[in-house]
Amino acid sequence: MTEIQQVSSARAYPFHPPQRLDLDPHYAELREQQPLTRIRMPYGEDAWLVTRYADVRIVLGDPRFSRAAAAAHDEPRSTPQRLGTGILGMDPPEHSRLRTLVAKAFTARRVERLRPRTQQIADELIDAMIAAGPPADLVAHFATPLPIRVICELLGVPVADEHDFHRWSEAIVSTTSLPPETIQQYLASLHGYMAGLIEQRHQAPTDDLLGAMVRARDEDQDRLTETEMVELAAGLLAAGHETTVTQIPNFVYTLLRNPDELARLRADPTLLPGAIEELLRHVPLGAASGFARYALEDVELSGGLVRAGEAVIVELGSANRDAAVFADPDRLDLTRAPNPHMGFGHGVHHCLGAQLARMELQVAIGALLARLPELRLAVPAAELPWKSGMLVRGLKQMPVTW
């Protein structure tokens with residue numbers, strides 16, 4: 001007997017188009033009444049949706065659920081193209097083999113060594129904004145170039161090419177913002193670009209992350225195929241900047257909508273690390289869930305039984321608002337502790353660049369608050385343009401003044 005009766009008829013998912021950064025209130029109802037819900041995404045087969053924190057942790061962390069198994073199915077997804085290529089579609093030990101090669105580049109110690117340079121980049125971008133005078137588009141003049149320049153230096157990618165690969169990277173987060181043929185063209189361009197940089201390092205070794213990956217390939221060809229190296233490098237470049245580009249203005253927007261919390265942070269900058277964790281919990285980055293896991297055997301969750309071979313989708317935004325884990329979960333509380341959020345996921349696919357993203361967000365928000373203490377929107381919030389047709393939700397432009 002299950003705790004809560006499952007509903008077998010599938011509902012269209014996402015339930016509603018994303019509204020700015022507001023989490024669909026339907027998730028709260030599902031957590032309470034139907035934590036295991038049958039859904040039908042725009043493409044692929046039906047799936048179960050889990051919305052409770054405890055269930056999401058099981059699906060993401062329990063080896064009885066597999067990402068690699070999606071390759072044998074018509075995976076439920078919001079994009080015409082398949083989602084799970086490369087490392088994102090693997091299980092251990094294949095996943096571990098690739099992740100181990102690059103994980104050391106994203107350790108807390110190595111990321112901290114990048115903090116002074118990241119701070120310098122942030123200050124240079126703010127200097128340019130101040131020199132040009134308000135208003136300024138925070139997306140174009142700060143949030144976009146900052147993470148791009150950091151990931152370029154880490155990987156060893158020429159920052160002069162940032163406009164090209166930033167455009168190509170949209171293919172990785174697009175659902176309907178780009179036509180399928182453009183997505184394929186952009187992915188081919190991104191992979192071709194990275195293949196060229198990798199070939200350069202075959203000829204002339206370097207000390208950057210791309211150079212380290214090439215050395216691993218040349219010294220032990222069983223560890224990394226050429227195709228895996230190109231796909232991994234392209235994924236690191238795209239994912240290494242795209243989400244942070246989106247979250248910097250999302251976080252600023254959220255702080256401006258919560259003036260009391262913003263005032264607390266301005267008054268006590270030592271709250272910044274915890275504030276970033278709370279923003280990671282509170283702000284739902286995804287426009288819709290994806291990356292289905294498949295049950296390898298029958299698994300009992302709090303809402304019922306998932307049978308072997310069935311697909312499960314997790315909703316991280318809902319898990320991060322679960323009242324069983326977070327008191328007053330819909331309130332932004334920059335001093336919340338403890339805060340075991342899943343803003344970077346959970347399990348073996350926990351975001352590889354989580355430490356880098358944390359550092360960049362701390363530097364970015366800290367620099368803006370310190371250098372532009374009167375930072376505010378230059379247009380009414382209702383006039384801000386939001387992205388659509390993408391896996392992530394965020395602002396296209398964010399005119400600000402100070």
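These numbers come from a predicted model, not from an experiment. Throughout, numbering of the chain's residues begins at 1 and tracks the sequence.
Note that CG of Leu279 is 12.5 Å distant from CG of Leu285, once rounded to the nearest 0.5 Å. The CZ atom of Arg257 lies 7.0 Å from the CG atom of Leu21; values are rounded to the nearest 0.5 Å. Distance check: Leu265 CG to Thr270 OG1 gives 9.0 Å after rounding to the nearest 0.5 Å. To the nearest 0.5 Å, atom OG of residue Ser174 and atom NZ of residue Lys387 are 11.5 Å apart. A distance of 11.0 Å separates CD in Gln184 from CG in Leu178, rounded to the nearest 0.5 Å. One distance of note links OG of Ser78 with CG of Leu391; it measures 5.0 Å at 0.5 Å rounding.
When the shell of 6.0 Å around CD of Glu374 is examined, it contains 12 or fewer heavy atoms from other residues, nucleotides or ligands. Within a 6.0 Å sphere centred on CG of Asp22, heavy atoms belonging to other residues, nucleotides or ligands number more than 12. Summarising the local packing, CZ of Arg307 is surrounded by 12 or fewer heavy atoms from other residues, nucleotides or ligands at distances under 6.0 Å. With a 6.0 Å radius and a threshold of 12 heavy atoms from other residues, nucleotides or ligands, His202 has its NE2 atom above the threshold.
Electrostatic pairing of Arg40 and Asp46 counts as a salt bridge here, judged by a charged N lying under 4.0 Å from a carboxylate O. Taking the charged nitrogens against the carboxylate oxygens, Glu278 and Arg281 do have a contact shorter than 4.0 Å, which makes a salt bridge. Between Arg371 and Asp127 there is a salt bridge, with a side-chain nitrogen of the basic residue lying less than 4.0 Å from a carboxylate oxygen of the acidic one.
Residue Tyr193 comes nearest to Pro158 through the heavy atom pair OH-CD, 3.4 Å, listed as atom of the first residue, atom of the second, then distance. A pairwise comparison of heavy atoms in Phe326 and Pro340 identifies CE2-CD, 3.7 Å as the closest pair. Residues Gly304 and Leu36 share a closest heavy-atom pair of C-CD2, 3.8 Å. What you find for Leu210 and Ala233 is that their closest heavy atoms are CD2-CB, 3.6 Å. Leu232 approaches Leu98 most closely through the heavy-atom pair CD2-O, 4.2 Å. Annotation for Leu296 and Ala69: closest pair CD2-CB, 4.4 Å, computed over non-hydrogen atoms.
Residues meeting the salt bridge (charged side-chain N to carboxylate O under 4.0 Å, His left out) test with Glu310, sequence neighbours left out: none. In terms of the salt bridge (charged side-chain N to carboxylate O under 4.0 Å, His left out) criterion, Asp161 has no residue partners (sequence neighbours excluded).
Using a 4.5 Å cut-off on side-chain heavy atoms (C-beta onward), Met359 and Gln119 make no contact. Side-chain contact between Val299 and Leu305 is absent, with no heavy atoms from C-beta onward closer than 4.5 Å. At least one side-chain heavy atom of Leu190 sits less than 4.5 Å from a side-chain heavy atom of Phe165. With a 4.5 Å cut-off on side-chain heavy atoms, Ile151 and Leu236 do not count as touching. Put simply, the side chain of Gln34 reaches to within 4.5 Å of the side chain of Arg11, judged on heavy atoms. By the 4.5 Å heavy-atom criterion applied to side chains, Leu280 and Leu361 are counted as neighbours. Contact check for Leu384 versus Pro399: side-chain heavy atoms found under the 4.5 Å cut-off. With contacts defined as side-chain heavy-atom distances shorter than 4.5 Å, the pair Arg358/Phe344 qualifies.
Glu261 places a side-chain N or O within donor-acceptor distance of the main-chain N or O of Leu334, the cut-off being under 3.5 Å. Arg393 places a side-chain N or O within donor-acceptor distance of the main-chain N or O of Arg20, the cut-off being under 3.5 Å. Without hydrogens or angle criteria, Thr175 side chain to Thr79 main chain gives no donor-acceptor distance under 3.5 Å. Looking only at distances, no side-chain donor or acceptor of Ser96 sits under 3.5 Å from a matching main-chain atom of Pro92. Looking at Asp91, its side chain does come within 3.5 Å of a backbone N or O of Arg67 through a donor-acceptor pair. Side chain of Thr246 to backbone of Glu242: a donor-acceptor contact under 3.5 angstrom is found. Put simply, the side chain of Asp268 never gets that close to the backbone of Arg264: no donor and acceptor are under 3.5 Å apart. Side-chain atoms of Arg117 do not come within 3.5 Å of backbone N or O of Arg115 as any donor-acceptor pair. In terms of modelled atom types and a separation under 3.5 Å, the side chain of Arg336 and the main chain of Ala327 share a donor-acceptor contact. Between the side chain of Arg201 and the main chain of Val214, no donor-acceptor pair closer than 3.5 Å is present.
Each of Ile58, Asp55, Val50 was checked for a side-chain contact (heavy atoms from CB on, under 4.5 Å) with Val314, and the lone residue meeting it is Val50. The side-chain contact (heavy atoms from CB on, under 4.5 Å) test with Arg149 singles out one residue from Thr118, Leu154, Ile121, and that residue is Ile121.
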Q) Could you walk me through whether Gln203 and Glu199 pass the side chain to side chain donor-acceptor pair (under 3.5 Å) check? A) CA-CA 7 Å; Gln203 306 301 323; Glu199 179 57 32; 2.7 Å; yes
Q.
Could you go through Ile313 and Met41, starting from their C-alpha distance and side-chain angles, then the distance that decides it, and tell me whether this counts as side-chain contact (heavy atoms from CB on, under 4.5 Å)?
A. CA-CA 10 Å; Ile313 298 289; Met41 298 187 74; 4.1 Å; yes
(Q) Working note: Leu256 + Met398, criterion side-chain contact (heavy atoms from CB on, under 4.5 Å); need CA distance, chi angles, decisive distance, verdict. (A) CA-CA 12 Å; Leu256 292 174; Met398 190 178 186; 4.2 Å; yes
Q: Decide side-chain contact (heavy atoms from CB on, under 4.5 Å) for Val306 and Asp298; before the verdict, give the C-alpha distance in whole Å, the side-chain angles of both, and the deciding distance to 0.1 Å.
A: CA-CA 6 Å; Val306 176; Asp298 292 357; over 6 Å; no
Q: Determine, step by step, whether Val400 and Phe142 satisfy the side-chain contact (heavy atoms from CB on, under 4.5 Å) criterion, reporting the C-alpha distance in whole Å, the side-chain angles of both residues, the deciding distance to 0.1 Å, and the verdict.
A: CA-CA 11 Å; Val400 294; Phe142 184 78; over 6 Å; no
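Side-chain atoms of Glu315 and Thr51 form no donor-acceptor pair, as typed in the model, at a separation below 3.5 Å. Lys396 and Ser388 form no side-chain donor-acceptor contact under 3.5 Å, judged by distance and modelled atom types alone. Side chains of His241 and His166: a donor-acceptor N/O pair is present below 3.5 angstrom, by distance only. Side-chain contact, Asn320 with Ser318: no donor N or O sits under 3.5 Å from an acceptor N or O. Residues Glu170 and Ser177 bring a donor and an acceptor atom of their side chains to less than 3.5 Å of each other. Of the N and O atoms on the side chains of Glu277 and His341, at least one donor lies less than 3.5 Å from an acceptor on the other residue. With hydrogens and angles left out, the side-chain atoms of Gln355 and Arg110 include no donor and acceptor closer than 3.5 Å.
The cationic atom of Arg38 (NZ for Lys, CZ for Arg) lies less than 6.0 Å from the six-membered ring centre of Trp48 and within 45° of the ring axis. Both the sub-6.0 Å distance and the 45° axial angle are satisfied by Arg167 relative to the ring of Tyr186.
Ring pair Tyr13/Phe15: centre-to-centre distance below 6.0 Å.
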